**Student:** 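Once you've had a glance at the structure underneath, I'll fire off some questions.
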Amino acid sequence: MIPPLLRDRVFRRYWNASAVSMFGDQVSGVALPLAAVLALHAGATQMGYLTALQWLPSLLFGLPAGAWVDRRGRRRQMMIAADLGRAALFASIPVAYALHVLTLAQLLGVTFVAGGLSVLFNVSDSTLFVSIVPPERYMDAQSLIYGSRALSFAGGPSVGGVLVQALSAPFAIVADALSFVGSAFFLGQIRPAEPPADDSGGSMLAGARFIRRSALVRASLITAAALNFFYLMFSALYLLYAVRVLHIRPGLVGVLVGAGAAGAVLGSLVTKRLAARIGAGWAYAAGCLLYAAPLVLWPLAHGAMPLILIMLFAAEFVSGFGLMMLDITIGVIFAAVIPDPLRSRVTGAFQAVNYGTRPIGALLGGLLGAAAGLRPALWVATLGGTAGAALVLLTALPRYRLPSGTLRAGATA
């Protein structure tokens, strides 16, 4: 049965753009770091730099990008331009590799500039979403979007690992470049009525002030920032750890990471019902804990290879389930509580802090991995992430419930 929202032409094309881009991102999420490790022989410190530069633009540009997009309007056009720019950047990597001129400096530069374009895309997308989806469909729409993300977790890393093994890591990145072209194509086919640009000359800091006043958004930011800080410590090192310490083949690494998508798919299917039963706030809190705590199994894994793979599969499965719970519920909560005139600025301010912790975590992870070893660094990252997730229990967010009409529509559609 086709979900009702996918019968709507505008939403369907918007969803297609999101789905194809997410799939490409999952391919390059495996291929780009493996290009650094396998083609350019990067070490732990260099992997920390690479991961950090992906998120540094959020810290540097989140606030001004949100203010500029709110004042300029035309969010869809901004998203198309960001897609095409990222396609060109990622396409330069296999071209340089074919010409034998690929360097770590190019990988770092592409990662940083593409990260800046992603900031523009994301602050625009938050407003485009509410331009397309009516409030009573927020939960259904987020479930569909993140359901496609969960499916990309299943196929993307696996395809990425296979492409790396068959073609080499730099050539596998072509898939991400093509995905951005596909996203731009689908976005070019829609013309939603966007909220008008904010011509009041409001402050660039208006989004930050809203977060400070909103107990719900502030609580989410504190928890998410802690989660992302420690997750990026983990993310900077786990592929290097899998290949060099656990001696898992690149193709199997992609399949293993992609196996966590089974949990993510399940999470995307049941989050609406869980939120209806226990409330969106408690569903978000549970998602945070389920996302972080299972990753402790990565540094704990040892022994025979089958046992190691079972432990890592369990970690990825449960963590993927939690990720869908927290992403879907907080997306709906934010759509409901953030006013349209401030939406891009709030998103930009949120990302400046939330994503801004990521480069710091990645750099620290790389330095700690080089100084203390990969396994000890992963213990710090995973235990710290679990403690960070528990912070949400000290806030008002778990007690939040969506407006009754939104909750019923989300739970029964």
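Predicted model only: the values in this text are computed from it and were never measured.
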**Student:** Checking Thr223 now: which residues fulfil side chain to side chain donor-acceptor pair (under 3.5 Å) with it, not counting sequence neighbours?
**Tutor:**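 Once residues adjacent in sequence are excluded, Thr223 has no partner under the side chain to side chain donor-acceptor pair (under 3.5 Å) criterion.
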**Student:** Quick one: list whatever passes side chain to side chain donor-acceptor pair (under 3.5 Å) with Ser319, sequence neighbours left out.
**Tutor:**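 Listed in chain order: nothing, the list is empty.
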**Student:** What's the shortest heavy-atom distance between Ile211 and Phe350, and which atoms?
**Tutor:**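 Closest approach of Ile211 to Phe350, heavy atoms only: CD1-N, 3.7 Å.
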**Student:** Pairs in or reaching into residues 76-87: which pass side-chain hydrogen bond (donor to acceptor under 3.5 Å, both in side chains), with residues at least two apart or in two chains?
**Tutor:**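 Residue pairs passing side-chain hydrogen bond (donor to acceptor under 3.5 Å, both in side chains), neighbours aside: Asp83-Arg86, Asp83-Ser183, Arg86-Ser118.
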**Student:** Where do Val337 and Tyr400 come nearest, in terms of heavy atoms and distance?
**Tutor:**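 Heavy-atom minimum between the residues: CG1-OH, 3.7 Å.
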**Student:** Could you list the residues that satisfy side chain to side chain donor-acceptor pair (under 3.5 Å) with Asn16, not counting sequence neighbours?
**Tutor:**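 Once residues adjacent in sequence are excluded, Asn16 has no partner under the side chain to side chain donor-acceptor pair (under 3.5 Å) criterion.
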**Student:** Under a 3.5 Å distance rule, please check whether Gln142 uses its side chain to pair with a backbone N or O of Arg137 as donor and acceptor.
**Tutor:**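 No, Gln142 side chain to Arg137 backbone: no donor-acceptor pair under 3.5 Å.
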**Student:** Go through the steps to decide whether Tyr291 and Phe321 satisfy the test ring pair (Phe, Tyr, Trp, His ring centres under 6.0 Å), and finish with yes or no.
**Tutor:** CA-CA 7 Å; Tyr291 172 53; Phe321 183 93; over 10 Å; no
**Student:** Would you please name every residue forming a ring pair (Phe, Tyr, Trp, His ring centres under 6.0 Å) with Tyr97, sequence neighbours left out?
**Tutor:**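 Per chain and number, Tyr97 pairs via ring pair (Phe, Tyr, Trp, His ring centres under 6.0 Å) with Phe171.
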**Student:** Around atom CZ of Arg244, are there more than 12 heavy atoms of other residues, nucleotides or ligands at under 6.0 Å?
**Tutor:**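 Counting other residues, nucleotides and ligands, CZ of Arg244 exceeds 12 neighbours.
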**Student:** Let me check something: any side-chain donor-acceptor pairs from residues 296-309 under 3.5 Å, sequence neighbours excluded? List them with distances.
**Tutor:**
from, atom 1, to, atom 2, distance (Å)
Trp298, NE1, Glu316, OE2, 2.9
His302, ND1, Leu300, O, 2.9

**Student:** Mind running salt bridge (charged side-chain N to carboxylate O under 4.0 Å, His left out) on Lys272 and Asp140 for me, showing each step along the way?
**Tutor:** CA-CA 8 Å; Lys272 291 190 293 182; Asp140 292 305; 2.9 Å; yes
**Student:** Consider only side-chain N and O atoms of Asp125 and Tyr14, and report whether a donor and an acceptor are under 3.5 Å apart.
**Tutor:**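 A pair is found: one side chain offers a donor N or O, the other an acceptor, under 3.5 Å apart.
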**Student:** Nearest 0.5 Å, please: how far is OG1 in Thr357 from CG in Asn228?
**Tutor:**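 OG1 of Thr357 is found 5.0 Å from CG of Asn228.
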**Student:** Can you tell me if Ser21 uses its side chain to pair, donor with acceptor, with the backbone of Ala17 under 3.5 Å?
**Tutor:**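 Between the backbone of Ala17 and the side chain of Ser21 there is no qualifying donor-acceptor contact (under 3.5 Å).
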